[in-house]
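If you read the sequence from its start, that first residue is 1, and numbering goes on from there. Remember, predicted model here, so these are calculated numbers, not experimental data.
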Amino acid sequence: MSDFEDAIGDMTDTLLDEAGLECLYIRGNETTTLTMRRSTGRPQFIDNGQGHVLEVRPVDFICRTSALPYATPQAGDVVKCSGIRYELQPVGGEKVFRQMSPQMTRLHTRQIG
């Protein structure tokens, strides 16, 4: 690994050790406990086509890539954190996740309950 990738790995470890939350990653009947850092994005306003504008707040989770139970996170997977459920969904033309480095992955979600 490069020095840059090592630095990102160290930063990820420090971030999650200092500000991480214990969350559940759920796919179907399988549940895995992960340490993740939650961050709420800027609100997006979506016209539902029926005269209503909905406010949606995307929520991203940062986690260690090696901690993910699946190599490829999928739309519909759920993160449950602090009693709130979030569904992995693509945001702004991106996939449901972005691998920031070999050590850090960002999951794109929307709160569902």
Side-chain angles (χ1 to χ4, degrees):
M1 260 185 257
S2 71
D3 289 341
F4 180 72
E5 288 172 340
D6 286 340
I8 290 194
D10 291 343
M11 179 196 72
T12 303
D13 289 341
T14 300
L15 173 69
L16 295 174
D17 289 344
E18 296 294 326
L21 300 169
E22 191 171 282
C23 302
L24 301 176
Y25 188 99
I26 304 164
R27 179 180 288 175
N29 294 324
E30 301 290 322
T31 301
T32 303
T33 302
L34 302 174
T35 300
M36 305 173 109
R37 173 68 173 134
R38 178 180 53 209
S39 65
T40 303
R42 299 174 76 188
Q44 299 174 355
F45 298 93
I46 301 169
D47 183 346
N48 72 354
Q50 299 175 355
H52 294 89
V53 175
L54 305 174
E55 179 181 348
V56 177
R57 290 190 181 265
V59 178
D60 287 352
F61 289 90
I62 293 174
C63 64
R64 291 177 183 92
T65 302
S66 62
L68 285 167
Y70 306 101
T72 306
Q74 296 178 355
D77 290 353
V78 172
V79 172
K80 184 176 180 183
C81 198
S82 300
I84 301 172
R85 296 170 60 89
Y86 304 87
E87 185 176 64
L88 272 66
Q89 295 182 6
V91 174
E94 292 190 37
K95 300 185 286 185
V96 298
F97 74 99
R98 183 186 318 161
Q99 189 170 344
M100 308 300 285
S101 76
Q103 300 88 355
M104 180 173 68
T105 298
R106 178 180 292 267
L107 304 174
H108 304 297
T109 72
R110 292 213 167 61
Q111 183 176 334
I112 58 173

Exercise. Any donor-acceptor pair under 3.5 Å linking the side chain of Ser82 with the backbone of Ile84?
Worked result: no
Exercise. Atom CE of Met104 and atom CD1 of Ile62: how far apart are they, to the nearest 0.5 Å?
Worked result: 5.5 Å
Exercise. Counting heavy atoms not belonging to Glu94, are there more than 12 under 6.0 Å from its CD?
Worked result: yes
Seminar exercise, completed: Nearest heavy-atom contact between Leu107 and Cys63 is CD1-SG, 4.4 Å
For this session: Please identify each residue that fulfils salt bridge (Lys or Arg N to Asp or Glu O under 4.0 Å) with Arg106, with sequence neighbours left out.
Result: Asp60
For this session: For side-chain contact (heavy atoms from CB on, under 4.5 Å), just list the numbers for Leu68 and Tyr25, CA-CA rounded to whole Å, side-chain angles, deciding distance to a tenth of an Å, and then say yes or no.
Result: CA-CA 8 Å; Leu68 285 167; Tyr25 188 99; 4.2 Å; yes
Seminar exercise, completed: All heavy atoms of Met36 vs all of Cys23, minimum pair found to be SD-CB, 3.7 Å
For this session: Show your reasoning for whether side-chain contact (heavy atoms from CB on, under 4.5 Å) applies to Thr33 and Glu22.
Result: CA-CA 7 Å; Thr33 302; Glu22 191 171 282; 3.2 Å; yes
For this session: Heavy atoms only: give me the nearest Val96-Pro73 pair and the separation to one decimal.
Result: CG2-O, 3.5 Å
For this session: State, with a plain yes or no, whether a side-chain heavy atom of Arg85 is found less than 4.5 Å away from one of Ile26.
Result: yes
For this session: Applying side-chain contact (heavy atoms from CB on, under 4.5 Å), run through Thr31 and Lys80 and close with a yes or a no.
Result: CA-CA 10 Å; Thr31 301; Lys80 184 176 180 183; over 6 Å; no
For this session: Find out if a path of hydrophobic residues (ILVMFWY) with successive side-chain heavy-atom gaps under 4.5 Å connects Val59 to Leu21.
Result: no
Seminar exercise, completed: Tightest non-hydrogen contact, residues Gln89 and Glu87, listed as NE2-OE1, 2.8 Å
Exercise. Going from CG on Leu88 to NZ on Lys95, what distance comes out if it is rounded to the nearest 0.5 angstrom?
Worked result: 12.5 Å
Exercise. In terms of ring plane angle, is the pair Phe61 and Tyr86 parallel, tilted or perpendicular, where the classes change at 30° and 60°?
Worked result: perpendicular
Exercise. How many angstroms lie between CZ in Arg27 and CG in Asp77, if you round to the nearest 0.5 Å?
Worked result: 4.0 Å
Exercise. What are the two closest heavy atoms between Ala67 and Leu34, and how far apart are they?
Worked result: O-CD2, 2.9 Å
